[in-house]
Amino acid sequence: MTKITPRPPKGFRDFLPADMLKRDYVFGIITDTFHRFGFEPLQTPIVELSETLYGKYGEEAENLIFNVRHGRSDKDELSLRYDLTVPLARVVAQYESELTFPFKRYQIAPVFRGERPQKGRYREFYQCDADIVGVANRSADAELVALKVMALKRLGFPQFSVKINHRQLLTAIGEYSGVPKDQLPDLYRSVDKFDKIGAEGVEKELVTRGIDADVVKRMMSLITNQQTGANNLDYLEEVLGHVPQAQTSIKELREMATYMDVMGVPTDHYAFDLTMVRGLGYYTGPIFETVITEPNLGSISGGGRYDDLIGIFRKDSLPTTGTSFGIERILVLMDELNLYPAHIGGTVVDVLVTVLDESIRPESMRLAAELRNAGINTELFLDDKKLGKQIAYADKKKIPLIAIIGEDEIKAGQVKVKQMTSGEEMMLSRTAFLQSVKALLHR
RNA sequence: GUGGGUGUAGCUCAGCUGGUCAGAGCGUCUGGUUGUGGCCCAGAAGGCCGUGAGUUCAAAUCUCAUCACUCACCCCA
């Protein structure tokens with residue numbers, strides 16, 4: 001019989017226990033931060049009706065969306081969810097009467113893309129979103145920035161900055177400079193590459209796309225004027241103060257700055273950066289993107305206001321703003337920057353209880369049960385092997401403590417505990433045993 | 001969709017111009033130590049050299065095809 005080659009489908013990954021412990025650690029911190037800000041969990045199916053997804057992405061979706069084939073004939077066309085935002089919009093429109101607004105939900109879950117995978121890009125990857133539905137006030141946007149900053153700090157990132165821009169401000173700048181309305185999407189797309197191809201590259205690309213060279217020059221000089229903090233806003237107000245749309249959006253950004261200040265967001269963790277654009281077309285207000293600044297490692301989080309999206313499913317849309325952590329990227333950087341605490345990565349097991357021979361096994365089991373009842377993660381050696389092998393097993397799995405119990409210990413009412421890192425052993429009386437183990441585990 | 005690269009043991013790979021080329025390291029297992037891991041030593045298991053055709057006296061090695069994986073571009077997160 002020929003063996004089946006074991007492999008996951010293209011673009012899909014397995015996460016072995018050592019990886020999962022790290023992922024759970026990161027997910028845990030972010031989840032806890034969501035809770036601190038009053039966000040609550042939502043789960044939706046990984047498949048949606050194709051029409052639900054195609055509504056937003058249109059024809060190009062054909063290449064992006066991962067479709068699902070059902071064996072038997074089934075009228076419903078199904079697709080794997082492409083992101084978590086569209087399902088959110090669907091849920092809000094569908095359960096409007098049951099939800100309490102503002103609706104603050106988070107979701108950490110896998111999404112799927114039909115594209116060909118490449119480095120760091122998969123067909124299945126996790127997204128991690130928190131959104132606020134039903135609040136037009138800028139305090140919602142400011143809260144998301146505060147949330148981002150707290151989560152990243154708690155994960156241990158030392159240097160990062162939330163870049164903040166405003167979609168309407170960019171539109172105002174574009175129109176003020178003379179960019180035709182129908183070419184605004186091109187403008188966003190090109191400026192989005194600023195980090196990658198630089199100012200010259202953006203200029204060149206915009207001219208290639210057919211925008212007048214003088215117009216491009218004027219626009220670029222406005223957005224590349226980089227000054228720190230609110231100074232940037234002062235400058236823009238000077239130049240664009242008479243353009244109504246610009247005036248409103250500058251005012252909104254100022255409001256955000258005020259709120260963030262009051263919430264204690266340090267000013268070195270955010271900046272107004274007019275070259276930052278998010279590619280997605282659905283943003284309508286403030287937009288943000290977080291970058292690791294030192295070392296320069298790129299974007300790890302994005303987001304913004306998209307007041308029109310829910311209108312796909314509903315007569316009137318609802319004001320909505322959201323943030324998304326680039327969780328897969330964050331996980332890679334956590335490794336590269338060595339941000340995991342020492343106890344993450346090896347095993348969940350605190351203590352391995354040895355079994356010296358069959359006659360001792362019941363006593364070992366009793367000991368394991370005592371440890372477990374005391375809240376200590378305990379593994380009982382299940383196989384029948386020499387003590388040396390049992391210790392080697394603990395070593396390989398990086399289990400910190402071993403409890404050895406044999407005839408001698410039983411007679412004396414003792415347990416021998418070995419610390420794996422030092423190799424140090426100590427005889428403990430059975431009565432003091434649990435306390436000592438907890439002390440060794442720093443609990 | 002376009003263009004590169006790579007397929008040899010569980011893993012990482014070496015095998016140059018075709019002829020002791022079926023190998024190394026790591027890992028696994030056993031023993032040296034009948035109750036003590038990491039180091040060391042000895043030994044063992046494990047591969048029709050991605051698949052199919054062709055050239056040749058002879059192919060892991062050359063040619064063609066095919067499949068798989070991978071990287072970059074496009075696009076996006």
Side-chain angles (χ1 to χ4, degrees), chain A residues 2-13 16 56-66 81-86 109-129 185-186 188-190 192-193 196-197 205 277-283 289-290 298-304 322-332 352-357 359-360 364 381 383-410 414-427:
Chain A
T2 55
K3 297 271 190 300
I4 299 161
T5 305
R7 62 192 174 103
K10 184 205 279 285
F12 289 76
R13 295 165 291 171
L16 300 184
K56 178 184 159 200
Y57 298 104
E59 287 159 29
E60 56 189 306
E62 206 61 60
N63 308 316
L64 306 173
I65 290 179
F66 201 116
R81 64 179 167 220
Y82 180 83
D83 64 17
L84 302 176
T85 309
V86 168
V111 301
F112 303 84
R113 305 277 161 106
E115 308 163 12
R116 200 189 302 180
Q118 49 179 299
K119 191 172 180 65
R121 301 232 155 147
Y122 306 96
R123 285 182 163 176
E124 178 190 33
F125 61 96
Y126 276 68
Q127 281 195 341
C128 171
D129 290 7
D186 285 344
Y188 302 149
R189 235 190 296 278
S190 293
D192 193 26
K193 295 181 186 163
K196 225 189 234 174
I197 60 179
E205 190 172 306
V277 189
R278 310 234 72 224
L280 292 176
Y282 60 60
Y283 289 119
E289 181 163 301
T290 312
S299 169
I300 52 167
S301 157
T323 183
S324 178
F325 288 87
I327 196 79
E328 303 286 359
R329 182 84 188 123
I330 286 174
L331 285 158
V332 170
L352 177 76
V353 176
T354 62
V355 175
L356 292 186
D357 64 62
S359 65
I360 303 292
S364 295
F381 199 82
D383 221 334
D384 181 19
K385 292 199 172 155
K386 292 198 282 192
L387 181 62
K389 300 290 176 196
Q390 302 190 30
I391 292 173
Y393 172 80
D395 183 42
K396 195 181 166 196
K397 275 193 76 172
K398 297 194 172 69
I399 298 171
L401 295 179
I402 300 186
I404 301 170
I405 186 161
E407 276 180 44
D408 301 345
E409 285 83 2
I410 293 172
Q414 293 179 316
V415 181
K416 190 189 274 182
V417 172
K418 181 185 181 77
Q419 294 187 75
M420 289 300 286
T421 46
S422 62
E424 197 183 322
E425 296 182 356
M426 55 188 90
M427 270 297 195

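We name chains A, B, ... by the order of the sequence lines, and we start the count at 1 in each one. A quick note: this is a predicted structure, and the numbers were derived from the prediction, not measured.
Heavy-atom distances under 4.0 Å link RNA chain B to A/G388, A/K389, A/I391, A/A392, A/D395, A/K396 of residues 388-398 of chain A, given in residue order.
On the P atoms, B/rC16 is 13 Å away from B/rU63, given to the nearest whole Å.
Distance A/I300 CD1 to B/rA77 P: 17 Å, rounded to the nearest Å. Distance, A/R123 CZ to B/rC76 P: 18 Å, rounded to whole Å. In this structure, A/K119 atom NZ and B/rC74 atom C1' are separated by 20 Å, rounded to whole Å.
In the interface, the side chain of A/R116 is not paired with the base of B/rU70 through any donor and acceptor atom under 3.5 Å apart. Evaluation of atom-type donor-acceptor distances gives a pair under 3.5 Å for the side chain of A/R121 against the base of B/rC76.
Under the 3.5 Å distance criterion, the side-chain polar atoms of A/T290 are left unmatched by any main-chain donor or acceptor of A/I300. Under the 3.5 Å distance criterion, the side-chain polar atoms of A/R121 are left unmatched by any main-chain donor or acceptor of A/G11. Of the possible polar contacts, one joining the A/R113 side chain to the A/Y82 backbone as a donor-acceptor pair under 3.5 Å is found.
Side chains of A/I327 and A/Q127 form no contact here, defined as non-hydrogen atoms less than 4.5 Å apart.
Dashed line: the shortest gap from a side-chain N or O of A/R7 to OP1 or OP2 of B/rC69 is under 4.0 Å. Proximity of A/Q118 to the phosphate of B/rA72: a side-chain N or O atom is located under 4.0 Å from OP1 or OP2.
Pairing partner, B/rG47: none, since no Watson-Crick or wobble contact has both distances short of 3.5 Å.
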